[in-house]
Protein chains: 2
Amino acid sequence: MLTAMEERALHERFGALAPLSPKTWKAIVALGSRESLAEGAFFSQPGKPATRFAVVISGLLRHYYLDAKGKESVKAFRGPMELSGPYAEIVQRRPSRTFIEALTDAELFVFEVAAIDEAAETSLELQRLVRRFVEVQFVAKEQREYEFLLLSAEERYRQFCASLPELVQHIPQHQIASYIGITPVALSRIRARGRKRAEKRRP
Amino acid sequence: MLTAMEERALHERFGALAPLSPKTWKAIVALGSRESLAEGAFFSQPGKPATRFAVVISGLLRHYYLDAKGKESVKAFRGPMELSGPYAEIVQRRPSRTFIEALTDAELFVFEVAAIDEAAETSLELQRLVRRFVEVQFVAKEQREYEFLLLSAEERYRQFCASLPELVQHIPQHQIASYIGITPVALSRIRARGRKRAEKRRP
DNA sequence: CCTTTGCCTTAACCCGGGTTAAGAACGACG
DNA sequence: CGTCGTTCTTAACCCGGGTTAAGGCAAAGG
């Protein structure tokens with residue numbers, strides 16, 4: 001199912017998180033399945049059971065909430081070799097409350113949580129790998145907490161541009177605004193301020 | 001070192017997260033050490049190596065950042081049977097960037113990360129337990145992200161009161177304000193609004 | 001006892017971001 | 001080609017929260 005190149009890329013990614021014997025790696029490959037997701041399609045939707053997660057092989061995904069008034073709030077963008085899935089809900093064994101949408105056509109390597117958990121009951125290496133994945137997620141969320149607590153909207157925008165420079169051009173601004181917790185109008189103003197300052201320095 | 005009662009309480013807490021054989025439990029008890037922290041003392045300080053975490057046996061801790069202008073930003077309050085420590089920095093193998101301060105005299109059960117990691121290399125049960133702890137941390141941070149993205153300051157305050165009703169009375173309000181990402185003045189106004197509304201309903 | 005210190009509140013003023021609305025630029029599609 | 005969505009921008013107005021400052025209150029310490 002996976003091309004040799006894809007398998008190599010995944011192996012490198014997983015191996016960077018935790019040492020993996022060839023045997024464990026084979027087991028992981030056997031547990032996952034490659035799936036395509038067309039642009040605009042959903043990997044997770046609120047109300048549906050949260051039983052699967054995936055590693056992105058290619059493409060770009062967006063995680064977001066949708067509140068009662070119809071406002072979208074973007075939790076994350078996930079690109080190649082990153083983990084995607086309603087992980088908090090999986091852990092809590094609750095239905096998903098988040099949309100995960102493909103912003104571009106995407107290829108995923110999908111795992112059933114139940115299968116991974118079962119295999120991890122007898123594989124310390126796998127258990128450790130999952131732990132590392134969760135740690136990576138945790139660090140990302142704590143960084144986000146840091147930004148909400150300490151930075152202004154403008155600083156959060158700069159941080160975003162600095163941390164995902166390739167993506168900034170391709171993601172619609174209202175989604176970036178939502179990610180940093182402001183409205184599209186406010187982001188437009190922030191960008192205008194930035195442009196004004198730039199041309200002041202070099203008129 | 002631990003009283004029988006403390007050990008039972010810890011055992012119950014750990015066992016609720018993941019099944020633990022008596023052998024694993026003995027190993028865990030042997031790895032940790034009970035430490036007292038006087039009110040106002042620190043379990044973690046920025047710049048110091050992040051090599052230890054702890055389970056709170058009794059007392060109340062506060063995790064916070066301190067920025068260049070001297071502003072404190074509270075990340076978390078942690079009470080009995082909760083995990084404390086600069087976990088993001090531990091995972092990243094970086095020096096701590098967070099203060100962890102005892103708000104009351106506290107008893108901790110402290111672990112050296114290196115010792116836990118080493119033991120977890122040969123214990124699937126321990127590896128799994130650590131994973132569960134990280135998952136709990138992750139879910140908490142994601143909940144916090146949800147609140148920053150979707151709720152107003154007033155709603156965050158209500159949520160805080162609802163989720164930690166016993167603590168609200170005992171924690172200084174400027175620390176609560178910092179936790180929900182506003183100033184003490186703003187929190188005072190929010191509380192005043194609440195009082196006004198309450199006496200309108202029953203004058 | 002009085003002073004100090006920390007905590008909370010109130011008020012006045014300011015500013016960043018929310019809201020609403022209108023328009024420009026662009027691509028998709030009939 | 002025109003029309004319709006979508007995205008982005010700009011402007012006007014409003015409001016929540018930031019800032020600063022002053023005062024009240026209670027506990028701590030001389």
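Residue numbering restarts at 1 for every chain, and letters A, B, ... go by the order of the sequence lines. Values below: every heavy atom of this structure, side chains too, minus hydrogens, waters and symmetry copies.
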Using Watson-Crick or G-U wobble pairs with both distances under 3.5 Å, give me DNA chain D in dot-bracket, 5' to 3', with [ ] for crossers and | for pairs to another strand. ||||||||||||||||||||||||||||||

Interatomic distance where CZ belongs to B:Arg156 and C1' belongs to D:dG17 [whole Å]: 11 Å

Cation-aromatic face contact A:Arg78/A:Phe43, 6.0 Å, 45 degrees: no

Whole-Å distance separating the CD atom of B:Glu39 from the C1' atom of C:dG6: 13 Å

Quick one: does any side-chain atom of B:Gln127 pair with a main-chain N or O of B:Ser123 as donor and acceptor, under 3.5 Å? no

For DNA chain D, find the residues of residues 61-75 of chain B with a heavy-atom distance under 4.0 Å and give them by number; none if there aren't any. none

Determine whether the aromatic ring centres of residues A:Phe148 and B:Phe148 are separated by less than 6.0 angstrom. yes

Find out whether the Lys NZ or Arg CZ of A:Arg132 is both under 6.0 angstrom from the six-membered ring centre of A:Phe14 and within 45° of the ring's axis. no

Is any NZ, NE, NH1 or NH2 atom of the basic residue among B:Glu155 and B:Arg158 found under 4.0 Å from an Asp or Glu carboxylate oxygen of the other? no

Quick one: is D:dG17 close enough that its OP1 or OP2 comes under 4.0 Å of any side-chain N or O from B:Arg193? yes

Under 3.5 Å side-chain donor-acceptor pair for A:Ser96 and A:Gln45: no

Does B:Tyr146 have A:Arg97 sitting over its ring (NZ/CZ under 6.0 Å from centre, angle to axis within 45°)? yes

Indicate yes or no: does B:Arg62 engage B:Glu101 in a salt bridge with an N to O separation below 4.0 Å. yes

Quick one: A:Phe148 CZ to C:dG17 C1', roughly how many Å, whole number? 14 Å

Members of residues 162-190 of chain A that approach DNA chain D, where some heavy atom sits under 4.0 Å away: A:Pro172, A:Gln173, A:His174, A:Val185, A:Ser188, A:Arg189

Does A:Glu142 reach the main-chain N or O of A:Val139 with its side chain, forming a donor-acceptor pair under 3.5 Å? no

Measure the spacing between CD1 of B:Ile182 and NE2 of B:His174 and express it to the nearest 0.5 Å. 13.0 Å

